[in-house]
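Every number for a ligand or one of its atoms is a count from 1 in the order of the listing.
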Amino acid sequence: MSTSLSIEKQVAIFAVRRACLLTSSVFNKLVKNETLTKEDKSPVTVGDYAAQAVVNTILKRAFPHDPIVGEEDADDLKRDPILTKRVVELANEALQSDLVLGEMPEWGIGPGQEKSTEDLLSAIDQGNHLGGHNGRFWTLDPIDGTKGFLRGGQYAVCLALIVDANVKLGVIGCPNLPCNPSDPDGEKGCIFVAVHGQGAQQMSLSGANPTPVVIPEIPSGSLNFLESVEAAHSDHSFNERVSNILSISRTPTRMDSQAKYCCLARGDGGVYLRMPTKAGYKEKIWDHAPGTVLIEEAGGTVTDSRGLPLNFGLGKTLGENYGVIAARRDIHGKVLDAVQQAKAIEEGEIDQAKI
Ligand SMILES: Nc1ncnc2c1ncn2[C@@H]1O[C@H](COP(=O)(O)OS(=O)(=O)O)[C@@H](OP(=O)(O)O)[C@H]1O
Ligand SMILES: [Mg+2]
Ligand SMILES: [Mg+2]
Ligand SMILES: [Mg+2]
């Protein structure tokens, strides 16, 4: 491993890019025309499986010794030959498209590099590492925000490299996110990349126009919240209480996936707040690792709702971390205080009238 992680960064960007092209094509071919069957739509789509097959194939060729913690496994897929056939076709199409400048045939990609069903099912299952505190591994969410993907909204292909429990590299591909937030109808599809200690960048899906990403200063009157679309995934009413405490008047932006972290990183929203809606849900490392390094490198702080750093060394989940708060470094503390107050109100410790 080079200390600059330049090879890892390059491979991760190309892998995420190919997976993004695949998921866009799945959406255009299958979802938009409603040719996905009901079974395909839940709980995991052909897109999730095929994207994991593509990214894992590339990672395993480029870094054969690196374990991968992937969201999906092929157990259910293996029992469904029709779905398997579709996944194999889609993954092969994505792996075999022409090489672009910088891509290497040694990564198992390019014309003629067809993989067998067995190869691709095994690639999906190579995401079976359990994570942990020691050593180096990748974590992959092949489609984060599956529900957003199915409704034509935001979703993201998310990949991170974790070394001794620290996120060193994060790549988030957002095929439906406008490249320029002030031109929402303009070009869509961008990739966000962050390397620990080296800053963050945004580029277009083709890799063009890499530009540094730094969270801009947002006047407190213009702050707003970025939150999940699904009410089951984060507590919207809690966010409203925190907004009131902070005198935030702008309506929250609801968006699926780690595209929320990307928007926060470029100032397209001021605070990402995610509080659990049910006791016992443990957040998954692949849902937060790339977003965390992106925010930290763009000038922000990410903690849980008690102010503790997210712990990426406990396995597939963030363990006892409870909720997530991400914001620019200078306002994170204020948000954390407001979250504590809102929790105290919820637990009946503070009389709201006295605030
Ligand atoms: N109950 C519950 N609470 C919190 N989080 C949950 C819960 N159930 C699922 N998930 C995870 O939420 C991931 C999607 O998060 P989002 O922020 O994109 O939410 S949402 O799509 O807007 O609902 C989603 O990621 P994907 O499965 O990759 O889509 C899940 O890992
Ligand atoms: Mg996810
Ligand atoms: Mg997912
Ligand atoms: Mg999922």
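Classification of the Phe14-Trp107 ring pair by plane angle, with boundaries at 30° and 60°, yields tilted. The aromatic rings of His129 and Phe137 sit tilted relative to each other, their planes meeting at an angle between 30° and 60°.
Of all N/O/S atoms in Glu71, OE2 sits nearest the Mg ion (ligand 4).
To the nearest 10 degrees, the angle centred on the Mg ion (ligand 2) between OD1 in Asp144 and OD1 in Asp287 reads 90°. Geometry about the Mg ion (ligand 3) gives an angle of 80° between O of Ile143 and OD1 of Asp141, rounded in steps of 10 degrees.
The distance from the Mg ion (ligand 3) to the nearest N/O/S atom of Glu72 is not under 2.8 Å. With a cut-off of 2.8 Å, the Mg ion (ligand 3) has no N, O or S atom of Trp286 in range.
When atom types are taken as modelled, the side chain of Asp164 and the backbone of Gly135 share a donor-acceptor pair closer than 3.5 angstrom.
Atom NZ of Lys85 is surrounded by 12 or fewer heavy atoms from other residues, nucleotides or ligands within 6.0 Å. Taking a 6.0 Å sphere around NE2 of His236, one finds it holds more than 12 heavy atoms contributed by other residues, nucleotides or ligands.
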